[in-house]
Student: 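Right, I'll just put the structure down here and ask away after.
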Amino acid sequence: MVLHQSCLSVSILKIPFLVVIIVHYLFSVVAANEYQYRLLDDLFKNYKTEVRPVKNLTTVTNVEFKFFMNLVLDMDEKHQKLTCNAWLTLIWHDEYMMWDEETYGGIDNFKIPAERLWLPDVYFYQNAADKYESFLTGHLAVVDSTGLVYWSAPVIFQGHCRIDTRYFPFDRQRCIMKFGTWQHDGNEINLTGTGDTSTFTTNGEWDLGGLNVTNNRDFYPDSPGIPYTDVTFIIDFERRSLFYVFNLLMPCTLISLMTVLTFFLPCESQGKISLGVTVLLSLTVFLLLVAEVMPAADEVPIIGQYYAATMILVSLSLAMNVLVVNVYFRGPDRDSSPVPRWAKTYISGYLAWVLGVKAPDDPKPERTPECMPLMEVNCNSHGVGPTFSVLDHSREESPLPHIRRNIFHGDTFSSNACSDDRHTSKGDQEQSILLRMVLRELRTMNSQTEKQKVKNKATTEWKRLARVLDRLCLIVYVVGTLSSILVNVCQIPW
């Protein structure tokens with residue numbers, strides 16, 4: 001109980017001490033505010049924002065311009081515009097913004113809207129916004145007791161930039177951002193600048209390649225002999241091309257490789273032409289989809305050249321397949337003339353050997369010992385007794401059936417088969433007439449077979465010619481595709 005009373009008495013004794021501290025703090029805050037009010041009243045009593053803050057007109061106001069590149073918001077290739085976010089800091093000395101810190105309660109700086117101070121007329125020369133306004137207004141500035149004014153703010157700039165899309169999507173762009181005074185010449189304001197890229201954040205498409213700063217002192221025709229100072233920032237950007245490689249180049253390359261499959265289909269296949277037409281239509285539809293992604297410019301970019309070459313090659317492959325199919329189905333059955341001699345010699349001969357196209361082996365019928373050539377039936381001078389002579393077809397392999405040798409005695413019938421005209425029996429004459437009819441039919445069959453053989457030979461020659469042309473067209477397309485890729489790759493600025 002005694003301990004509790006002692007703790008309570010100690011707590012009661014602490015209360016006045018805390019009250020004194022709070023009251024002192026409140027009075028100090030009020031005093032500081034009074035000092036700041038009095039400071040502002042004294043500084044701005046006779047201050048004019050329209051007059052350059054120097055006590056001697058010959059004094060040059062040095063303005064330091066710090067540029068921090070932060071973010072690329074948009075790179076409009078069609079309208080040749082760059083939209084970016086930058087952090088700016090401008091520092092200059094105001095001779096009318098100086099005070100003694102001890103006189104005003106130790107206040108060493110204060111913040112104030114920039115419109116209440118004199119501001120240098122610094123403008124962005126490449127401005128492409130709707131209004132040409134100064135970017136210095138509408139922000140706060142910090143003023144210290146030595147008279148230095150610190151103006152800092154993030155600003156979004158939209159300016160003209162010459163965008164070269166010739167190497168899209170492997171392009172590198174260089175944009176120029178020029179800041180300078182418009183009315184104050186170099187004898188009044190000396191503008192110098194520095195650049196920094198440590199605050200840059202990539203937007204997924206553009207990387208910052210570099211930032212160079214140049215301090216210039218130029219003369220303009222509207223004010224001859226009067227120098228003007230400006231700061232020029234040269235900014236290099238590199239496009240990230242991986243997105244375009246996977247979404248634009250790879251599908252086009254796969255489509256062009258699918259066209260090669262049309263040359264591996266046999267000529268008699270109906271899908272040889274339909275596959276080529278399908279590939280061409282798919283490439284056309286794909287081009288329509290990616291046309292919005294490609295920049296609209298007066299120069300044709302590398303990717304546009306590659307797409308144009310691919311379209312030409314795919315169309316050419318379709319035309320070549322039509323030619324091959326047309327040649328393949330030529331022949332006597334379609335009232336086509338035989339293969340020209342020069343085509344046989346140079347295309348079906350030399351070119352086929354160079355391309356490795358082998359001719360199919362023609363099947364040759366076997367000649368058995370028990371078969372003999374056809375015989376011709378002749379009658380003697382009286383027209384009664386038939387004689388038989390051999391029709392020698394040993395030089396040409398005929399598919400017609402042969403008369404068996406075992407029904408004859410040697411190369412002619414035996415003497416019992418034919419007798420003289422006076423002793424010929426009626427059965428022998430009927431046998432002779434029947435044999436004449438059989439041989440006549442055999443001759444007709446042999447003639448038709450020979451004609452069919454000639455037709456088959458002509459058809460085979462046209463088909464062989466088509467196979468050689470198909471192989472040649474395949475090589476031409478592959479060489480054209482590889483050449484197109486190689487030419488475009490060599491144009492990329494690595």
Side-chain angles (χ1 to χ4, degrees), residues 253 255-280 283 305-306 308-366 393-399 446-488 490:
T253 304
I255 291 175
S256 63
L257 293 178
M258 287 180 58
T259 309
V260 179
L261 300 177
T262 60
F263 295 99
F264 289 96
L265 290 175
C267 299
E268 60 270 13
S269 175
Q270 297 180 357
K272 192 175 183 66
I273 303 298
S274 60
L275 179 59
V277 174
T278 303
V279 171
L280 182 60
L283 181 61
Q305 298 176 11
Y306 178 64
T310 304
M311 285 286 293
I312 293 174
L313 288 173
V314 172
S315 302
L316 183 61
S317 69
L318 182 60
M320 290 187 295
N321 283 323
V322 172
L323 174 63
V324 169
V325 173
N326 181 272
V327 172
Y328 184 84
F329 286 102
R330 283 193 177 189
D333 295 337
R334 291 173 174 80
D335 298 332
S336 300
S337 59
V339 178
R341 182 173 298 179
W342 63 268
K344 291 182 182 179
T345 304
Y346 295 103
I347 299 180
S348 300
Y350 299 119
L351 187 59
W353 178 78
V354 172
L355 299 179
V357 180
K358 297 181 180 180
D361 297 331
D362 296 331
K364 296 182 180 181
E366 298 181 356
H393 295 283
S394 60
R395 296 181 181 179
E396 297 182 2
E397 296 297 334
S398 175
N446 186 33
S447 176
Q448 294 178 353
T449 303
E450 293 296 331
K451 292 180 180 179
Q452 186 63 34
K453 185 177 179 180
V454 172
K455 291 182 180 180
N456 293 339
K457 184 178 180 181
T459 303
T460 303
E461 291 176 350
W462 281 112
K463 292 182 178 181
R464 174 173 169 77
L465 182 64
R467 285 194 293 268
V468 176
L469 292 177
D470 192 29
R471 183 69 59 85
L472 178 63
C473 293
L474 171 62
I475 295 177
V476 170
Y477 179 79
V478 172
V479 171
T481 302
L482 296 179
S483 301
S484 174
I485 296 175
L486 183 62
V487 168
N488 287 278
C490 292

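Not measured: the values here are computed from a predicted model.
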Student: Take Leu313 and Thr259 through the side chain to side chain contact (heavy atoms under 4.5 Å, CB included) test and state the conclusion after the steps.
Tutor: CA-CA 9 Å; Leu313 288 173; Thr259 309; over 6 Å; no
Student: Quick one: does any side-chain atom of Arg330 pair with a main-chain N or O of Trp462 as donor and acceptor, under 3.5 Å?
Tutor: no
Student: Under a 4.5 Å cut-off applied to non-hydrogen side-chain atoms, are Ile485 and Tyr306 in contact?
Tutor: yes
Student: What is the distance from atom OG1 of Thr262 to atom CG of Leu318, rounded to the nearest 0.5 Å?
Tutor: 8.5 Å
Student: I need the Arg467 CZ to Ser348 OG distance, nearest 0.5 Å.
Tutor: 9.5 Å
Student: List the steps and the verdict of side chain to side chain contact (heavy atoms under 4.5 Å, CB included) for Glu450 and Asn446.
Tutor: CA-CA 6 Å; Glu450 293 296 331; Asn446 186 33; 3.8 Å; yes
Student: Has the side chain of Ser484 got a donor or acceptor atom that lies under 3.5 Å from a matching backbone atom of Thr481?
Tutor: no
Student: Are any of the side-chain heavy atoms of Thr310 and Ile255 separated by less than 4.5 Å?
Tutor: no
Student: How close do Tyr477 and Ser256 get, heavy atom to heavy atom, and via which atoms?
Tutor: OH-O, 2.7 Å
Student: Can you name the nearest heavy-atom pair linking Asn321 to Lys272, along with the distance?
Tutor: OD1-CE, 3.4 Å
Student: Has Thr345 got a side-chain atom pairing as donor or acceptor with Trp342's backbone, closer than 3.5 angstrom?
Tutor: no
Student: Tell me the closest heavy-atom pair linking Gln305 and Asn488, and the distance in Å.
Tutor: CB-OD1, 3.7 Å
Student: Search all heavy atoms of Val325 against all heavy atoms of Cys267 and return the closest pair with its distance.
Tutor: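 Closest pair (atom of Val325, atom of Cys267, distance): CG2-O, 4.0 Å.
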Student: When rounded to the nearest 0.5 angstrom, what distance separates CG in Leu469 from OH in Tyr328?
Tutor: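 Here the rounded value is 13.5 Å.
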Student: Could you check whether atom CE of Met258 has more than 12 heavy atoms from other residues, nucleotides or ligands sitting under 6.0 Å from it?
Tutor: no
Student: Could you tell me the separation between the CG atom of Leu465 and the CD atom of Glu461, rounded to the nearest 0.5 Å?
Tutor: 9.5 Å
Student: Please walk me through it: do Phe329 and Glu268 pass side chain to side chain contact (heavy atoms under 4.5 Å, CB included)?
Tutor: CA-CA 8 Å; Phe329 286 102; Glu268 60 270 13; 4.1 Å; yes
Student: Please report the shortest heavy-atom distance between Ala352 and Arg464, naming the atom on each side.
Tutor: CB-NH2, 3.4 Å
Student: So do the side chains of Phe263 and Asp470 get within less than 4.5 Å of each other, counting heavy atoms only?
Tutor: yes
